[in-house]
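Worksheet: one structure, shown below.
All chains are named by letter (A, B, ...) in the order of the sequence lines, taking the proteins before the strands, and each is independently numbered beginning at 1.
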4 protein chains.
Amino acid sequence: MHAVALEAFAERGYHGTSVPQILEAAGVSASSLYRLFPSKEALVNAVFLEAKTRLGHALAEVEGHDAADADRDPASVAHARFVRIWDRLARFAAEEPVTFRFLELQDHTPYLDGPSRTKELSVLAPLALTCMDLQRRGVLRTDVGVDVMLATLWGALVGLVKASRLGYLALDADKLAEAREALWRGFASTEPIADARTRRATRTNEGTKRRTER
Amino acid sequence: MHAVALEAFAERGYHGTSVPQILEAAGVSASSLYRLFPSKEALVNAVFLEAKTRLGHALAEVEGHDAADADRDPASVAHARFVRIWDRLARFAAEEPVTFRFLELQDHTPYLDGPSRTKELSVLAPLALTCMDLQRRGVLRTDVGVDVMLATLWGALVGLVKASRLGYLALDADKLAEAREALWRGFASTEPIADARTRRATRTNEGTKRRTER
Amino acid sequence: MHAVALEAFAERGYHGTSVPQILEAAGVSASSLYRLFPSKEALVNAVFLEAKTRLGHALAEVEGHDAADADRDPASVAHARFVRIWDRLARFAAEEPVTFRFLELQDHTPYLDGPSRTKELSVLAPLALTCMDLQRRGVLRTDVGVDVMLATLWGALVGLVKASRLGYLALDADKLAEAREALWRGFASTEPIADARTRRATRTNEGTKRRTER
Amino acid sequence: MHAVALEAFAERGYHGTSVPQILEAAGVSASSLYRLFPSKEALVNAVFLEAKTRLGHALAEVEGHDAADADRDPASVAHARFVRIWDRLARFAAEEPVTFRFLELQDHTPYLDGPSRTKELSVLAPLALTCMDLQRRGVLRTDVGVDVMLATLWGALVGLVKASRLGYLALDADKLAEAREALWRGFASTEPIADARTRRATRTNEGTKRRTER
DNA sequence: CATGAATGAGGTTTCATTCAT
DNA sequence: CATGAATGAAACCTCATTCAT
């Protein structure tokens, strides 16, 4: 039910999908659906919540550090972390294209209810925290706001997937990696990174806003 | 009429907008509309065509070179060109938010007709040509496909605007510049640029690029 | 079950009450109801039958004569009997407002079945007999038909209760008594009542009917 | 449209009447109806308003005094006035049985809007004023509240009409007159009426509650 | 026995579109 | 030309009822 509604909404959008279309695809009667969900809007919210939750799970393990991390060059570790984030997102887009497409639909806003909006934020949060952490450690530039990074990152991925769907692009692992490295170059700090022992001292008092190096 | 329909579609999408809604907003009668457009679909295509055309115009002069360009450092010239492209797009998004939002809507596809799809491609084309040109001249990296660059670029802008609309971000000229520079760093070649007169070997310490593979 | 359905029907009428509403109010499942009653219509008939029966019971003892009656002035006895009838009805309306309201609903007719209609008549019958008896005894006027009396009596009570429910009237014992006495004056014979032995001879000169305007 | 809806609602009640039933009876399409009335509820309110207005008109001329009135016995004049009121109502019930039946439906309340409720009151008002006037002039008893009189009067008429519809009664002019005279006897003062010049002095300080005559 | 799940028919309302005027 | 009135189809949703469990 969720799945079939997700697919329908992803394909044609909320307004473009009629309840009967969903019913037929699911092979159930109207009343069966309406016993589960009080309205079409409740259905799309349930679908949205589930989709966001899956996206959240896809990102959840980003923070896991390899055991070997401690021994390696901090810049490498940070890059690997970035790679992990991007690849999770990319994997999600590749493995759950329908879910991704649904989430990527513009402007769910008018019909999303409170819980859905809350969820939306809660999925983004860990990503934002990670970026802030990397910034604090001098790995990511501080002259690019975290908000800008996230919007750019997600936007870029969405753009790639959409271009691929429209046939402007044959998206594969290579192309995803190209974009990922480009973004990394755009976001990563160019200063040498102090190692773990001295970092804190030297990075104190970094202006939190852009243009520090100018 | 166009303007009113554009606004309605941008606000609620094609399927979310009813003909009566447009009629009321425009203050005309159904028959008046149907004399101009044979159907709702024809209307949205006309609107789309016009919107894309305006976007095309916004990009059209990107290729104009300042008279001073010839005298300057090729890298600077290239960067300036990139800045021009981005700023045109950003300006378009800022000055015609409704049009931008409309174009940014996912999946016009199902109801776009032939001319509209053709137009879609024709607007992107000059941008692609510019990128390819810059690549050939060694200003943009060749290890990032032009298709990837364009998708990333446009996607990033869309992502920023959308984040701004949802309140995750207060988009202003500074933030747009942050994103632009990040993308430039991601796309720009780090090798010295061979140009007709000089080849400058000034770039040192690119540092972060692809050091993962060591 | 009966009670719950009665309340629902009284509140919103037969057509205005859905089976699910009743189910929820009763806290039972559809199947439970349908094992007891074959259909919604059967349910409302059962409810109707029970309600009419209760009304019948409320009127049943009207005919009981106080032991003292025999000793008193016949007019007083008759008046007391009338008071008893009215007060029974009024008490019923006061003590079972929901049932009263249900019965008072216009036009059960379309969905009442045979037994229900039979019951309807059987409840009215004793009242009619009483009135006819009183008429025969010269206590009630003979220039007002028993059918008119009953319809007026019941209609007046319904009107009072309805006016009260709509807030046009604060119905209490006093107001009920006002109406009762007014009706009594309207229905009671003005001639002195001969006792049982001479009554028949004196009943000449019906007179007053429709000649008031002289 | 109004007429056909009125008939349908009068026949089966608001909830018992489906929009398609009205449409078919009126021979129009759903959209035609919905261009005139935003909803079924708006329709029933419009119908109600019109019906009450017609009832109001039926009562409007009650107050007209015959030229001859001044010369006649005050009690006769008052009685004639009462007759006029009743006969207007009865005529309305007879000439517009459908409208009468519609208005008589219990508990429009849940779906009536503001204007409808206001109208309901405004129709009753002149009748109430007349009764109060008659009371003040010593024609109607003061030991029966005006509210009680009105509720009784209207209720009695409704009761008669309903009994007639259900076949308990063959309502004709005679029976209507019987009921009318009975009510008159119930409501009319039994004291001799002082003429216009002395009335005010003698009727001062009448107890407003019942049992004056006891 | 009692229930949760199911359903076809039908409820009210809106849509995209047409056409006489 | 422009409009108000009209319409069939379809939208979302609820109803009275049934049946496997």
task: Give a yes/no verdict on a cation-pi contact between A:Lys40 and A:Tyr14, requiring under 6.0 Å between NZ or CZ and the six-membered ring centre and an angle within 45° of the axis.
output: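 The answer is yes, since A:Lys40 meets both limits relative to A:Tyr14.
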
query: When you measure from the centre of the six-membered ring of A:Phe102, is the NZ or CZ of A:Lys52 under 6.0 Å away and within 45° of the axis?
result: no

field: Pairwise 5' ranking along DNA chain E for D:Glu41 and B:Pro20, keeping only the more 5' one
entry: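 Of the two residues, D:Glu41 wins.
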
Nearest-nucleotide 5' precedence on DNA chain E, A:Val28 against D:Ser31: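 Nearest-nucleotide comparison on DNA chain E picks A:Val28.
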
What integer distance in Å separates [X]:[atom1] from [N]:[atom2]?
X        : N      : atom1 : atom2 : result
C:His15  : E:dG10 : NE2   : P     : 15 Å
D:Tyr14  : E:dT12 : OH    : C1'   : 9 Å
A:Leu33  : E:dG8  : CG    : P     : 14 Å
A:Tyr34  : E:dG11 : OH    : P     : 17 Å
D:Tyr111 : E:dT12 : OH    : P     : 13 Å
B:Ile22  : E:dC15 : CD1   : P     : 11 Å
D:Gln21  : E:dT12 : CD    : C1'   : 13 Å

- prompt: Hey, does the side-chain of D:Ser18 have a donor or acceptor N/O within less than 3.5 Å of a partner on the base of E:dG10?
  reply: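 Flag unset: no donor-acceptor pair detected.
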
- request: Kindly express the pairing pattern of DNA chain F in dot-bracket notation, using | wherever a base pairs with another strand and counting only Watson-Crick or G-U pairs under 3.5 Å.
  value: .||||||||||||||||||||

field: Sub-4.5 Å side-chain heavy-atom contact between D:Lys162 and D:Leu166
entry: yes

message: Is there a side-chain contact between A:Val158 and B:Val158 in this structure, where contact means two heavy atoms from C-beta onward sitting under 4.5 Å apart?
response: no

message: Distance under 4.0 Å to a non-hydrogen atom of chain C counts as contact; along DNA chain F, which nucleotides mark the start and end?
response: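 So the contact region on DNA chain F extends F:dC15 to F:dC19.
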
message: I'd like to know if B:Glu50 pairs up with B:Lys119 as an ion pair, taking the criterion as any Lys NZ or Arg NE/NH1/NH2 lying under 4.0 Å from an Asp or Glu carboxylate oxygen.
response: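 No, B:Glu50 and B:Lys119 are not salt-bridged.
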
Carboxylate-amine/guanidinium proximity below 4.0 Å for C:Arg101 and C:Glu7: no

task: On DNA chain F, check which nucleotide each of A:Val19 and C:Lys40 is closest to and give me the residue with the more 5' one.
output: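 It is A:Val19 whose nearest nucleotide is closer to the 5' end.
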
Residue whose closest nucleotide on DNA chain F lies nearer the 5' end, B:Arg35 versus C:Ala30: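 Closer to the 5' end of DNA chain F: B:Arg35.
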
task: Would you please test B:Phe92 and B:Trp154 for ring-ring contact (aromatic ring centres under 6.0 Å, His included) and show each step?
output: CA-CA 12 Å; B:Phe92 181 78; B:Trp154 177 258; 8.0 Å; no

- request: State, to 0.1 Å, how close C:Ser18 and C:Gln21 come at their nearest heavy-atom pair, and which atoms those are.
  value: N-OE1, 2.8 Å

field: Over all atoms of both residues, closest heavy-atom pair of B:Tyr111 and B:Glu41
entry: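 Closest approach of B:Tyr111 to B:Glu41: O-CG, 3.5 Å.
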
